[in-house]
Number of protein chains: 2
Amino acid sequence: MGRPHTPLLDRDRIADAALKLTDRRGDFTILDLSRALKVTPAALYHHVHGRDGIIALMRERMARTVDASGFGQLPWDQALRQWAISYRDTFAAHPGAIGMLAAEPVADPAVHALYEQAATALEDAGFPRHMVLAVITAVESFVLGSALDLAAPPAMVTGIDAATTPRLAQAAAAAPPGRARADQAFGLGLDALITGLHHQLSQTGDNP
Amino acid sequence: MGRPHTPLLDRDRIADAALKLTDRRGDFTILDLSRALKVTPAALYHHVHGRDGIIALMRERMARTVDASGFGQLPWDQALRQWAISYRDTFAAHPGAIGMLAAEPVADPAVHALYEQAATALEDAGFPRHMVLAVITAVESFVLGSALDLAAPPAMVTGIDAATTPRLAQAAAAAPPGRARADQAFGLGLDALITGLHHQLSQTGDNP
DNA sequence: ACCTGAACACCGTTCAAGT
DNA sequence: ACCTGAACACCGTTCAAGT
C-alpha cells in the first residue's frame with residue numbers, strides 16, 4: 001500500500017499495454033488496461049491525461065516508427081513512396097488499432113519535422129509553393145484511407161451475391177485473396193497517384 | 001403511458017435525429033437522442049439494434065445520397081470522378097459525423113448495386129478483371145482519407161512554428177485558407193489519381 | 001406493437017489516505 | 001511522487017407493466 005519503492009508505471013509501459021490490448025480487441029478499457037499492468041485504474045491518472053491521453057500516446061508512438069528518411073536523400077517521388085509505404089506498414093502492424101487511431105491526426109514535434117523535410121523536398125523538386133501542402137495531404141489521405149481498408153474491407157468484397165451482381169462477383173473472384181487484396185489496391189493507387197503527380201509537376205513548367 | 005395511438009418513433013426519425021446530434025457534437029448519446037425525440041431511452045430499442053444499429057442506419061442513409069449515376073453513362077474516368085466528388089460531398093455535409101462513420105464500411109444492397117455498375121464500367125473500359133476491385137478500392141480509400149482530412153486537419157496545418165520549420169510555414173502560408181485547403185488537396189489528389197489510372201490503362205494494352 | 005419506469009452492469013474519473 | 005480503496009457521475013441495455 002502507498003507509494004512503492006520503485007515506480008510500477010511509466011508512460012511507455014502504459015502505451016505499450018494499451019496498444020497490445022487494442023490489437024486484440026479493437027478497443028481498450030481503463031479497467032482492462034490497469035489489470036494488464038497489475039495496478040489500480042486510478043494509478044494510471046498519475047502518468048497520463050485520461051483515456052484520450054493514452055490514445056494520443058499510442059498515436060505518437062506509432063508515428064515515430066514511420067520511416068521518412070528518404071526526404072532530402074532520394075528523388076521526391078521515391079521519398080514520397082517510401083514514406084507512404086512505411087506509414088501504411090505502421091498501421092498494418094496494428095490492424096485492430098487502426099479504427100481508433102486513424103480518425104485523428106498526430107500532434108507531435110517529430111511529425112512537424114517530417115513535414116518540414118517533405119515540404120522542402122517537394123519545393124526543391126519544382127512544385128509551386130501553394131501546392132506543396134496539398135501534395136503531402138493527398139498522399140497522407142490516401143494512406144489513411146488505405147489503412148481503414150486494411151482494417152475493415154468494404155462491402156464490395158464481402159457478402160457478394162453472384163446472381164444480382166455478377167460482374168462484381170467476377171471481379172472479386174479475380175482479385176487476390178485476403179490481405180493481398182488490400183496490398184494490391186494500395187500499390188495500384190500509390191503508383192497512380194505518383195504518376196499523376198509527376199504529370200502535374202511537368203505541367204507547372206518551373207521545375208529545374 | 002403504454003402504447004400510443006400513433007407511433008412516436010420510426011427508424012428514419014431516429015437516424016435523422018442521431019445525425020443532427022452528431023453533426024453538432026461529433027458524437028451522440030442514447031439519452032440525448034431520446035430527449036431530442038421526446039421519448040424514453042428504452043423506446044429506441046423497439047426500432048433499432050442498439051447504438052451500433054443507429055450508427056449503421058446513419059451510414060446507410062448517407063450512402064444513399066451518393067451520386068453514382070455516371071457509371072455506364074459517362075466515360076469511366078468521368079464517372080469515377082463524379083462518384084468520388086459526390087462521395088466526399090456527402091461526408092462534407094456532416095463534418096462532425098465523419099470520425100464516427102468513416103472508420104467502417106456500409107453494408108447495404110444499394111452499395112453492392114453501385115459496385116456492380118462501377119465494376120462493369122471499368123471492365124468494359126479495358127481494365128483487366130483482376131485490377132477492377134483494386135481501382136475502385138484505391139479511389140474509395142482516397143475519398144475516405146480525404147473525408148478524415150476534412151474533419152480533422154493534420155498537425156501539418158496547425159501549430160506550425162516558423163522558427164523550427166520555416167519551409168513548412170511558407171508552404172502553409174501559400175496554401176488556401178480554411179475549408180479551401182482540404183478542397184485543394186482533394187482536387188489535386190483526385191486529378192493525379194485519375195491521370196495515373198489512365199496511364200495504367202494505356203499500358204495494359206487490351207483496351208478497345 | 002409500442003411506450004414508460006425502474007433496474008442493472010459497466011465505464012471513466014476524482015480524491016482522501018497511506019508510504 | 002506514486003499507489004490504493006472507495007466513491008461518483010454517466011453510460012448502454014433489459015424487462016416487466018401498461019395500453
Side-chain angles (χ1 to χ4, degrees), chain A residues 1-61 96-97 99-101 103-104 107 152, chain B residues 1-61 96-97 99-101 103-104 107 152:
Chain A
M1 227 139 304
R3 176 185 180 197
H5 298 87
T6 158
L8 301 173
L9 292 179
D10 60 69
R11 293 161 66 86
D12 268 336
R13 250 186 292 237
I14 294 173
D16 254 351
L19 203 50
K20 215 166 283 176
L21 270 177
T22 307
D23 277 342
R24 262 187 273 135
R25 316 180 194 183
D27 208 347
F28 77 94
T29 276
I30 294 287
L31 184 64
D32 285 342
L33 181 57
S34 68
R35 273 205 265 259
L37 291 163
K38 292 176 178 170
V39 148
T40 288
L44 298 168
Y45 291 80
H46 292 276
H47 301 269
V48 157
H49 296 313
R51 194 174 184 275
D52 288 345
I54 297 174
I55 295 175
L57 225 56
M58 293 163 70
R59 258 193 279 267
E60 287 171 31
R61 159 162 295 241
M100 205 176 77
L101 299 182
E104 275 191 53
Chain B
M1 225 140 300
R3 178 187 178 194
H5 297 87
T6 159
L8 302 173
L9 292 178
D10 60 68
R11 292 161 67 86
D12 268 335
R13 250 185 291 239
I14 294 173
D16 254 349
L19 203 49
K20 215 166 282 177
L21 271 176
T22 308
D23 277 340
R24 262 186 275 136
R25 318 182 192 181
D27 209 348
F28 76 94
T29 275
I30 294 287
L31 185 63
D32 285 342
L33 181 58
S34 68
R35 273 205 267 258
L37 291 164
K38 293 175 177 169
V39 150
T40 288
L44 298 168
Y45 291 83
H46 292 277
H47 301 269
V48 155
H49 295 313
R51 193 174 186 275
D52 288 345
I54 297 174
I55 295 175
L57 225 56
M58 295 163 69
R59 258 193 279 266
E60 287 171 31
R61 159 162 295 242
M100 206 175 74
L101 299 182
E104 275 192 53

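Just so it is clear, the values below take in all heavy atoms, side chains as well, and ignore hydrogens, waters and symmetry mates. Keep in mind it's a predicted model, so treat the numbers as computed, not measured. To find a chain, count down the sequence lines: A is the first, B the second, and so on, and within it residues start at 1.
Non-hydrogen atoms lying under 4.0 Å from DNA chain C are contributed by nothing in residues 13-25 of chain A.
Nearest heavy-atom pair across B:A107 and B:E60 is O-OE2, 4.0 Å. Shown here for B:A103 and A:A152, the closest heavy-atom pair between the two residues is O-CB, 4.2 Å. The two residues A:A18 and A:L33 have their closest heavy-atom pair at N-CD1, 3.5 Å. Across all their heavy atoms, A:R59 and A:M100 have their closest contact at NH1-O, 3.6 Å. Nearest heavy atoms, B:I30 versus B:P41: CG2-CB, 4.0 Å.
Counting to the nearest Å, the C1' atom of D:dT4 and the CG atom of A:L37 are 15 Å from each other. If you measure from atom CG of A:L9 to atom C1' of D:dA1, you get 13 Å, rounded to the nearest angstrom.
For residues 5-18 of chain B, the pairs satisfying salt bridge (charged side-chain N to carboxylate O under 4.0 Å, His left out) are B:D10-B:R13, B:D12-B:R61, B:D16-B:R61, with sequence neighbours left out. Counting only residues at least two apart or in different chains, side-chain hydrogen bond (donor to acceptor under 3.5 Å, both in side chains) contacts with residues 18-44 of chain B comprise B:D23-B:H94, B:R25-B:D32, B:D27-B:R51.
Listed by first residue number, the stems of DNA chain C with at least three Watson-Crick or G-U pairs below 3.5 Å are C:4-8 with D:12-16, C:12-16 with D:4-8.
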Expected rows: protein N/O vs nucleotides 11-15 of chain D N/O, under 3.5 Å:
residue : atom : partner : partner atom : Å
D:dG12  : OP1  : B:I30   : N            : 3.4
D:dG12  : OP1  : B:R51   : NE           : 3.3
D:dG12  : OP2  : B:I30   : N            : 3.0
D:dT13  : OP2  : B:Y45   : OH           : 2.7
D:dT13  : OP2  : B:R51   : N            : 2.9
D:dT13  : O5'  : B:Y45   : OH           : 3.2

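How far CG of B:L8 is from NE2 of B:H5: 11.5 Å, rounded to the nearest 0.5 Å. Atom CG in A:L37 sits 9.5 Å away from atom NE2 in A:H47 (nearest 0.5 Å).
At a threshold of 4.0 angstrom between heavy atoms, the contacts of B:H5 with the nucleic acid are absent.
The closest side-chain heavy-atom distance from B:V48 to B:L9 is not below 4.5 Å.
Checked against D:dA1, D:dT4, D:dC3, the side chain of A:T40 finds its nearest nucleotide in D:dT4.
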